[in-house]
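Notes for the one structure printed next.
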Amino acid sequence: MPKETMIEKYAALAVNIGANVQKNQPVVIRGTTETKALIRALSKQAYEAGAKKVHVQWSDDYVSRQGLEYQSIETLEDVPEWVIKQTEHFIEEGACFISVTSPIPGLNKGIDPEKMQKASLARMKKLGFFQTHMMGNKAQWTIVGAPNAVWAKKVFPTKEKEAAVEALWDAIFKACRVTETNDPVAAWQEHNETLSKHNTILNDYQFDKLHFKNTLGTDITIKLVENHVWAGGNEHTTQGTEFNPNIPTEETFTMPHKTGTNGKVVATKPLNYQGNLIEDFWLEFKDGEVIDYDAKSEKDTLKNLLEFDEGSRYLGEIALISHDSPISNSGILFFNTLFDENASCHMALGRAYPMNVKGGTSMDEDALKKLGYNHSMAHSDFMFGSADLQVTGITKTGEEVVIFKDGNFVI
Ligand code: ZN
Ligand code: ZN
């Protein structure tokens with residue numbers, strides 16, 4: 001099957017299962033000039049699904065890098081009023097959002113980390129209302145990936161540029177359950193059902209704590225918030241429209257209590273933050289806060305993440321994924337969280353998702369904080385799952401239930 005046809009199938013999946021574009025709904029597509037082919041296909045599929053209007057917000061990572069290099073901190077911190085107005089307009093007209101991620105590894109090497117930090121902090125402060133809108137599921141949104149040559153060469157270093165890009169497309173299609181012969185939309189409906197079964201079982205247990213242990217040195221206990229909700233697969237907007245925020249997704253995740261994590265976690269995959277790869281790192285927590293850490297490479301980048309704001313030293317998400325998953329079985333390290341996070345159990349430093357607590361999407365921030373919700377402008381997932389990971393759930397009465405044995409779900 002020609003690649004164009006596969007891209008069309010993939011775009012149809014992103015539009016109909018990912019964002020679930022509704023008749024007459026405006027659609028905002030965000031992506032870089034590296035991902036033109038997919039963006040064109042997404043736009044076409046969105047119109048086919050009945051979109052009223054498709055807005056594409058293009059960016060170019062090389063031009064953005066030049067901005068970081070040449071502009072002053074003051075200029076970078078200045079978020080123009082029209083950018084805010086435009087975002088407000090999209091929210092007011094009830095748009096849904098499709099983001100195409102295609103990070104260029106190492107692109108920001110050599111840029112002053114403090115400059116990047118200040119620029120993104122200023123942007124997040126001014127556009128914080130948009131993040132609240134998205135993370136509160138006030139509209140459908142989805143993230144999908146598309147290759148660029150630098151990324152593809154990083155994943156497949158021994159292949160020539162074009163072959164590497166082809167191989168990365170193939171790996172993305174497989175990870176997203178898009179094959180030549182199947183109907184990806186139907187495959188995803190079935191996949192969503194499996195994920196929802198795990199959510200139901202865990203929601204019924206309402207564990208007080210989870211304990212994680214493996215031979216790499218992970219030995220950590222995570223307290224969950226009262227009335228936590230395990231989610232994963234499809235979600236619903238506050239108006240009740242189904243959507244899949246991430247394609248692919250294999251995870252079942254919930255909200256840790258901000259001050260209830262104790263012990264050490266050892267990462268099993270690198271974490272890409274601000275274009276830099278933090279490798280071989282561990283974190284130690286006491287009462288929810290990271291009190292010690294180390295990394296074999298990019299320790300300064302890890303420090304930046306931890307010092308980003310008050311909440312970036314606390315957890316906002318804990319996610320369970322069987323080691324026996326399509327992405328982990330492929331053995332491919334994507335160097336991209338959207339894919340790699342679905343290979344392995346992970347946790348996130350930073351902001352929690354309000355939907356992970358009963359009634360959370362209609363609570364204000366103060367009410368959520370009282371329940372143990374962590375607020376931050378950062379949200380960074382890192383992997384710690386392994387083939388020998390044991391996960392035990394501890395109920396409020398102290399009863400222990402084995403959830404994972406040797407890396408996989410057993411409940
Ligand atoms: Zn996650
Ligand atoms: Zn996450």
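Each ligand, and each atom within it, is numbered from 1 in the order the structure gives.
Within E251, the N, O or S atom lying nearest to the Zn ion (ligand 1) carries the name OE1. Minimum-distance N/O/S atom of H379 relative to the Zn ion (ligand 2): NE2. The N, O or S atom of D381 lying closest to the Zn ion (ligand 2) is OD1.
K109 and E298 are joined by a salt bridge, as a carboxylate oxygen and a charged side-chain nitrogen come within less than 4.0 angstrom of each other.
Between H346 atom NE2 and E317 atom OE2, the angle centred on the Zn ion (ligand 1) amounts to 100° (nearest 10°).
Aromatic ring pairs are classed by plane angle as parallel below 30°, tilted from 30° to 60° and perpendicular above 60°; the pair F207 and Y205 is parallel.
Taking 4.5 Å as the limit, every side-chain heavy atom of R65 sits out of range of all side-chain heavy atoms of Y62. Put simply, the side chain of S386 reaches to within 4.5 Å of the side chain of L216, judged on heavy atoms.
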